*Asks:* 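Before we start, here is the structure in question, set down as structure tokens.
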Amino acid sequence: MGRFKLKCLKCGKEYGQEYRLMCENDDSFLRANYSEKRLELRNQPGIGRFHSWLPVQEELTTDAGPITYKSEAFARELGLSNLYIGFSGYWPEREAFTKTCSFKELEAHPTMQLLKETGGKALVLASAGNTGRAFAHVSALTGIDVYIVVPDSGASNLWLPEEPTESIHLISMSPGNDYTDAINLAGRIAKLPGMVSEGGARNIARRDGMGTVMLDAALTIGKMPDHYFQAVGSGTGGISVWEAAIRLRADGRFGQKLPKLQLAQNLPFVPMYNAWQEKRREIIPELDMKDAKKQVEETYATVLTNRTPPYGVTGGLYDALVDTDGIMYSITREEALEAKALFESLEGIDILPPSAVATASLLKAVEAGNVGKDETILLNLAGGGYERLKEDFTLYQIEPVATAKNSDIPLEELNL
Ligand SMILES: *Cc1c(COP(=O)(O)O)cnc(C)c1O
Ligand SMILES: [Zn+2]
């Protein structure tokens, strides 16, 4: 059967290696079914170690990859005896070399490789931050073309630890356009010949790239953790580690119990938290994210403010929470800032705002008794080391190749 097949979680239809986001029959997620049922590590420095369960033919050679270590100082402060930190970012002292400083880069490497192996010419995405930076970086390393559409407010997040290359096509939007406008324009560009839409959570390469955080943790710990903590905006990370845990369970060497997902959003924008409180599969906008635009503006970690997360879809976050008997948290700005300061002072590395939200949710969980003192906990700090990176690297701002007035402009005007 080759290295893997894609299988629809609803109707069971199978597909080969394709850059495919949708089933032909329904809107369910597809999932990769790998021929290797046992995780066999490859001799690669980063994420390529986990080739067994990545949907690409060629092994990835990047040194970017997840790391896991056992916390001492922070764990002691919380009274926990088995707290592990999963860290995606730059922290050379712990052999973490993800230079765009978030786990979005774990998604970008296999995605660009899959694009190349399936004959795509260029990838198109909309992003105001970590995702755009990650894909731009991989484009700079591989020469594969990316078209990144950013709303005006996001352009400053698009820096690189190397000089930008011509393969990176950044399209900025004039003030007044928001993330949704950027998504709409990216959708139109993706219809041009040779262009492929990146696809978000529907992109199997993204999910399985992110899932390596759980694989690395299980290998480091010797088994799957009892609990998994992460801050979520789309929930893709939660879905990904759930899928990775299902594969580890089938492998047999890492335990049979799936880690309990304990996921956090930040107030006042907490649609998935609200829906999950009532165990609802549907997010009801009037109830769960009333005045969404205003709520988004008031949040501390804006990365966590996806307005159309893959929550209710078959194979989405709701299913992952049900299957793992999950818990969700809502975190205030003050709680996040306090947790950030505590973590950074005790562990000696800077973390990004969403990681501060995740850390705050662990503090809450300990207080509420949602974890046992001796249980095994994985805290996924999905972004960090930005301050540390600046000590070692010069950062370059990516300059736009075009500016769009709005999302309906004739594409010829952009001169792509
Ligand atoms: C994107 C991102 C998240 C949220 O991830 P999802 O699982 O896609 O919701 C959390 N932390 C960081 C650092 C991120 O970049
Ligand atoms: Zn189907």
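Model, not experiment: these values are computed from the prediction. Both counts, for ligands and for their atoms, begin at 1 and track the order of listing. Values below: every heavy atom of this structure, side chains too, minus hydrogens, waters and symmetry copies.
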*Asks:* What atoms in ligand 1 come closer than 4.0 Å to a heavy atom of N130?
*Replies:* 13 (C), 14 (C), 15 (O)
*Asks:* At a threshold of 2.8 Å, where the distance has to be below it, does the Zn ion (ligand 2) have an N, O or S atom of D26 nearby?
*Replies:* yes
*Asks:* Could you tell me which atoms of ligand 1, counted from 1 in the order shown, lie closer than 4.0 angstrom to a heavy atom of V232?
*Replies:* 9 (O)
*Asks:* Ligand 1 and V303, any nitrogen or oxygen pair closer than 3.5 angstrom?
*Replies:* no
*Asks:* Any cation-pi pair here, K99 with F97, using under 6.0 Å and within 45°?
*Replies:* no
*Asks:* Exactly one of R133, E105, H137 should register a side chain to side chain donor-acceptor pair (under 3.5 Å) with T100. Which one does?
*Replies:* E105
*Asks:* Measuring from Q265:CD to S330:OG, what's the distance to the nearest 0.5 Å?
*Replies:* 9.0 Å
*Asks:* Starting from atom 9 (O) of ligand 1, what is the nearest protein heavy atom, named by residue and atom, and what distance separates them?
*Replies:* G233 N, 2.6 Å
*Asks:* Should R247 and D251 count as an ion pair when the cut-off is N to O under 4.0 Å?
*Replies:* no
*Asks:* Give the numbers and elements of all ligand 1 atoms closer than 4.0 Å to a heavy atom of A382.
*Replies:* 11 (N), 12 (C), 13 (C)
*Asks:* From H51 NE2 over to E36 CD, what is the distance, rounded to the nearest 0.5 angstrom?
*Replies:* 7.0 Å
*Asks:* Rounding to 10°, state the angle centred on the Zn ion (ligand 2) that links SG in C8 with SG in C23.
*Replies:* 110°
*Asks:* Closest non-hydrogen protein atom to atom 7 (O) of ligand 1, residue and atom name please, with distance?
*Replies:* G237 N, 2.6 Å
*Asks:* Considering only heavy atoms of K104, which atoms of ligand 1 have at least one such atom less than 4.0 Å away?
*Replies:* 1 (C), 2 (C), 3 (C), 14 (C), 15 (O)
*Asks:* CZ of R207 to CZ of R202: how many Å apart, nearest 0.5 Å?
*Replies:* 9.0 Å
*Asks:* Where is the nearest protein heavy atom to atom 12 (C) of ligand 1: which residue, which atom, and how far?
*Replies:* P354 CG, 3.6 Å
*Asks:* To the nearest 0.1 Å, how far is atom 4 (C) of ligand 1 from its closest protein heavy atom, and which atom is that?
*Replies:* A231 O, 3.5 Å
*Asks:* About how many Å separate OG1 of T62 and CG of L106, when rounded to the nearest 0.5 Å?
*Replies:* 9.0 Å
*Asks:* Quick check against the 3.5 Å criterion: does N203 have a side-chain atom that pairs as donor or acceptor with the backbone of E198?
*Replies:* yes
*Asks:* Without hydrogens or angle criteria, can the side chains of T376 and K223 be said to hold a donor-acceptor pair below 3.5 Å?
*Replies:* yes
*Asks:* Does any N or O atom in Q230 lie less than 3.5 angstrom from one in ligand 1, N or O only?
*Replies:* yes
*Asks:* Could you list which atoms of ligand 1 come closer than 4.0 Å to a heavy atom of G383?
*Replies:* 13 (C)
*Asks:* What residue and atom, counting heavy atoms only, is the protein's closest point to atom 8 (O) of ligand 1, and at what distance?
*Replies:* S234 OG, 2.7 Å
